[in-house]
Amino acid sequence: VQFVESGGGLVQAGGSLRLSCQASGRAFSIYAIGWFRLAPGKERDFVAAITWSGGSTTYADSVKGRFTISRDNVKNMVYLQMNSLKSEDTAVYYCARERTPWGKPRLEVDSRTYDSWGQGTQVTVSS
């Protein structure tokens with residue numbers, strides 16, 4: 001599976017963006033998908049993840065209540081709706097696949113358990 005992220009851009013604080021992650025290749029629908037972000041001078045941080053079915057999600061505390069992850073297995077797409085954006089959300093956002101087919105009992109937040117990283121999309125929030 002390969003991923004291409006899009007939808008990033010420059011937005012004012014308080015604004016919204018919707019990121020998209022287009023998957024190509026087989027078997028997209030049997031893997032949990034995660035969003036991560038990398039800000040300058042920081043480590044790659046977990047943002048959100050969704051199970052293969054879309055029935056369960058998990059979020060980093062810093063984005064809970066503001067971001068929503070969703071997926072469309074027919075279109076091979078994963079989305080990240082970001083509302084009430086803050087300057088600290090500025091980063092390059094990546095989607096990736098959790099390696100275990102059909103997923104684990106609990107969604108993974110450790111980036112080391114993910115692969116097939118996309119090239120990322122830049123999100124810049126001006127204050």
Side-chain angles (χ1 to χ4, degrees):
V1 176
Q2 294 182 318
F3 295 107
V4 177
E5 301 93 338
S6 63
L10 174 64
V11 63
Q12 288 187 331
S16 299
L17 283 174
R18 187 174 85 152
L19 305 185
S20 297
C21 173
Q22 174 73 65
S24 60
R26 292 185 170 184
F28 161 79
S29 62
I30 67 170
Y31 291 94
I33 303 297
W35 282 98
F36 294 79
R37 64 188 181 186
L38 181 62
K42 296 186 178 181
E43 296 184 352
R44 184 162 51 190
D45 285 337
F46 169 77
V47 176
I50 188 167
T51 54
W52 67 271
S53 66
S56 182
T57 58
T58 192
Y59 298 90
D61 288 344
S62 60
V63 307
K64 203 170 291 183
R66 300 188 297 123
F67 290 12
T68 303
I69 188 172
S70 61
R71 69 188 295 164
D72 184 334
N73 285 344
V74 174
K75 296 181 179 179
N76 278 14
M77 295 289 293
V78 179
Y79 305 100
L80 186 68
Q81 178 67 43
M82 307 187 296
N83 299 328
S84 302
L85 282 161
K86 305 175 182 179
S87 57
E88 50 263 45
D89 295 318
T90 295
V92 178
Y93 284 71
Y94 301 87
C95 60
R97 179 188 71 171
E98 204 284 316
R99 292 195 184 99
T100 307
W102 308 111
K104 300 177 181 177
R106 178 179 291 183
L107 282 163
E108 287 281 357
V109 301
D110 186 341
S111 64
R112 294 172 295 180
T113 66
Y114 288 78
D115 63 11
S116 303
W117 295 88
Q119 86 291 345
T121 185
Q122 175 71 49
V123 172
T124 303
V125 183
S126 63
S127 57

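What you see is a predicted model; the values in this text were computed from it and never measured.
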Residue pair [X] / [Y]: nearest heavy atoms and the distance that separates them:
{"X": "Ser16", "Y": "Ser84", "answer": "OG-N, 4.3 Å"}
{"X": "Leu107", "Y": "Ala32", "answer": "CD2-CB, 3.8 Å"}
{"X": "Asp61", "Y": "Lys64", "answer": "OD1-NZ, 3.0 Å"}
{"X": "Gln122", "Y": "Thr90", "answer": "NE2-CG2, 4.1 Å"}
{"X": "Trp35", "Y": "Cys21", "answer": "CZ2-CB, 3.6 Å"}

How many angstroms lie between atom [atom1] of [X] and atom [atom2] of [Y], to the nearest 0.5 angstrom?
{"X": "Asp45", "Y": "Ser111", "atom1": "CG", "atom2": "OG", "result": "9.0 Å"}
{"X": "Ile50", "Y": "Thr57", "atom1": "CD1", "atom2": "OG1", "result": "6.5 Å"}
{"X": "Leu19", "Y": "Ser6", "atom1": "CG", "atom2": "OG", "result": "8.0 Å"}
{"X": "Phe3", "Y": "Gln119", "atom1": "CZ", "atom2": "CD", "result": "12.0 Å"}
{"X": "Glu88", "Y": "Ser127", "atom1": "CD", "atom2": "OG", "result": "9.5 Å"}
{"X": "Gln12", "Y": "Leu85", "atom1": "CD", "atom2": "CG", "result": "11.5 Å"}

Is [X] linked to [Y] within one hydrophobic cluster, defined over Ile, Leu, Val, Met, Phe, Trp and Tyr using a side-chain heavy-atom separation of less than 4.5 Å?
{"X": "Phe36", "Y": "Leu38", "answer": "yes"}
{"X": "Val47", "Y": "Val92", "answer": "no"}
{"X": "Leu80", "Y": "Val125", "answer": "yes"}
{"X": "Val11", "Y": "Tyr93", "answer": "yes"}

Answer yes or no on whether [X] is positioned over the face of [Y], meaning its NZ or CZ is under 6.0 Å from the six-membered ring centre and within 45° of the axis.
{"X": "Arg71", "Y": "Phe28", "answer": "yes"}
{"X": "Arg18", "Y": "Tyr79", "answer": "yes"}
{"X": "Arg97", "Y": "Trp52", "answer": "no"}

Take Lys86 and Arg66 through the test side-chain contact (heavy atoms from CB on, under 4.5 Å) and record every step on the way to the result. CA-CA 10 Å; Lys86 305 175 182 179; Arg66 300 188 297 123; 3.8 Å; yes
Short N-O contact, Asp115 and Arg99, less than 4.0 angstrom: yes
Taking the side chain as every heavy atom from C-beta outward, state whether [X] and [Y] have any pair of such atoms under 4.5 Å apart.
{"X": "Ile33", "Y": "Glu98", "result": "no"}
{"X": "Thr68", "Y": "Tyr59", "result": "yes"}
{"X": "Phe67", "Y": "Asn83", "result": "no"}
{"X": "Met82", "Y": "Val63", "result": "no"}

Would you check if the side chain of [X] reaches a backbone N or O of [Y] as a donor-acceptor pair within less than 3.5 Å?
{"X": "Thr51", "Y": "Ser56", "result": "yes"}
{"X": "Ser116", "Y": "Ala96", "result": "no"}
{"X": "Glu5", "Y": "Cys95", "result": "yes"}
{"X": "Thr121", "Y": "Gly8", "result": "yes"}

Please verify the inter-ring angle class for Tyr94 with Trp117; under 30° counts as parallel, over 60° as perpendicular, anything in between as tilted. perpendicular
